[in-house]
Amino acid sequence: MTAVAPLLSIVAPCHNEEANIAVLCARASAAARAEVGEDFEIILVNDGSTDRTWRAIKDANASDKHVRGLNLSRNYGHQLALTAGLSAARGARILMLDADLQDPPELLGEMMRAIDEGADVAFGQRRRRAGETLFKRMSADLFYRGVSALSDFALPRNAGDFRLITRRVLEDFLAMPERHRFVRGMIAWVGYRQVAVPYDRDARHAGQTKYTLGKMVRFATDAITSFSTAPLRVAGMMSLFAFFVAALAIVYVLWSVIAGSTAPGWASVLTAVSFFSGAQLLSTAIIGEYLGRLYIESKGRPLFLVADTTDENVASASRLDWDKIRNALIAPPAARRAAGSD
Ligand code: UDP
Ligand code: MG
């Protein structure tokens, strides 16, 4: 066991961020020091980078023992890398931010104040997004609207994963076993008091965005299917509509027979067949998407594997501890709170 848990953990997932690590550590340390003195740790997760990011993390660890590194066995994606870092965090409060310095660590002070005043989550809300394309801003806007409309709880608009949370929110988050992790949604779902801290989002310090169009689509699909079964209802609604069209078609067919018109009818048949097969295929695809997710989840594989760490203390729970989860669920909230938060 380590001596005393640090007051503050700062967690950043890093994928090909070699040019950002040193600046990130410097700015994050300065911000942390201003708030909690020496009582902090910075956890950097190398998510299968193909550049020298892990080297940079090890260098940062060598020159500053506040920095601790986790090296994942391959690229698991932003949300799982973040989860890996969170599972290693020992702090009473945990700040998560991107490694590219789009989220200014200097906002920590304001976030700490919000938590001092009784909030459990202080999330950064973007007022302005510098250095991002019109397409990125428009797709992001559509995304927040879409997810909020489809899911059963409010997802804060224009908020990424930049947030300071208390220990109990972290424990609640880690107790959720799913692998398609939409971190900001899961944390919003937890509840308690969550407050927005507005800020201007900077451009990347160095390097390029790791979110390609394909990754953004996957991210949006994760977000929607994690919190909503609305697409399944769309499949249901479509079949109702198809039924309605089919009923009209039958009336038309009967009328044609009675009127004795011997129209060849291929157009209506073709229309009906293509409409129904389209509707069926789409419904099947939507159901298949959920079924596939159910299948993947049912395997219960570890969420990620850690290849190396900078020191032995960086233990991280990739395989979720079911006994702990069960106990957390059975234990009365008061006991959890006493064990968890500051
Ligand atoms: N990231 C990661 N694994 C990935 C992709 C991204 O750990 O597979 C990290 C990345 O290093 C950064 C954060 O996730 O710290 C956000 O990624 P990025 O800045 O590329 O996204 P954007 O800000 O453009 O949405
Ligand atoms: Mg970024």
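Counting convention: from 1, in listed order, for ligands and their atoms alike.
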Pair N20, D100: side-chain N/O donor-acceptor within cut-off below 3.5 Å: no

Cation-pi geometry met for R126 and Y199 (6.0 Å, 45°): no

Contact partition for P13 relative to ligand 1, non-hydrogen atoms under 4.0 Å: both

The Mg ion (ligand 2) reached by D98 (N, O or S, under 2.8 Å): no

Numbered atoms of ligand 1 (with element) below 4.0 Å of D100, judged on heavy atoms: 19 (O), 23 (O)

Cation over ring face, R181 and F173, 6.0 Å, 45°: yes

Note: D103-R201 ion pair, threshold 4.0 Å (strictly below): yes

A12 near ligand 1 by a heavy-atom separation under 4.0 Å: no

A99 neighbourhood, listing ligand 1 atoms whose heavy-atom distance to it stays under 4.0 Å: 15 (O)

Polar contact flag, side-chain donor to acceptor under 3.5 angstrom, E18-T53: no

Residue part near ligand 1, for N75, under 4.0 Å between non-hydrogen atoms: side chain

Within reach of ligand 1, part of H15 (heavy-atom separation under 4.0 Å): both

Of the N, O or S atoms in D100, the one nearest the Mg ion (ligand 2): OD2

Those atoms of ligand 1 less than 4.0 Å from some heavy atom in R201: 23 (O)

Under 4.0 Å to a heavy atom of Q102 - the qualifying atoms of ligand 1, by number: 19 (O), 22 (P), 23 (O)

Mode of D47 contact toward ligand 1 - side chain, backbone, both, neither (heavy atoms, under 4.0 Å): side chain

Option among L164, D39, I94 that satisfies the side chain to side chain contact (heavy atoms under 4.5 Å, CB included) test with L8: L164

Distance filter under 4.0 Å to C14 heavy atoms, resulting ligand 1 atoms: 7 (O), 11 (O)

Sub-4.0 Å heavy-atom contact, Q79 with ligand 1: no

Donor on one side chain, acceptor on other, Q79 and D161, under 3.5 Å: yes

Co-membership, hydrophobic cluster, residues I287 and Y290, 4.5 Å side-chain: yes

S9 side chain to A89 backbone, donor-acceptor under 3.5 Å: no

Subset of ligand 1 atoms that lie under 4.0 Å from at least one heavy atom of E17: 10 (C), 11 (O), 12 (C), 15 (O)

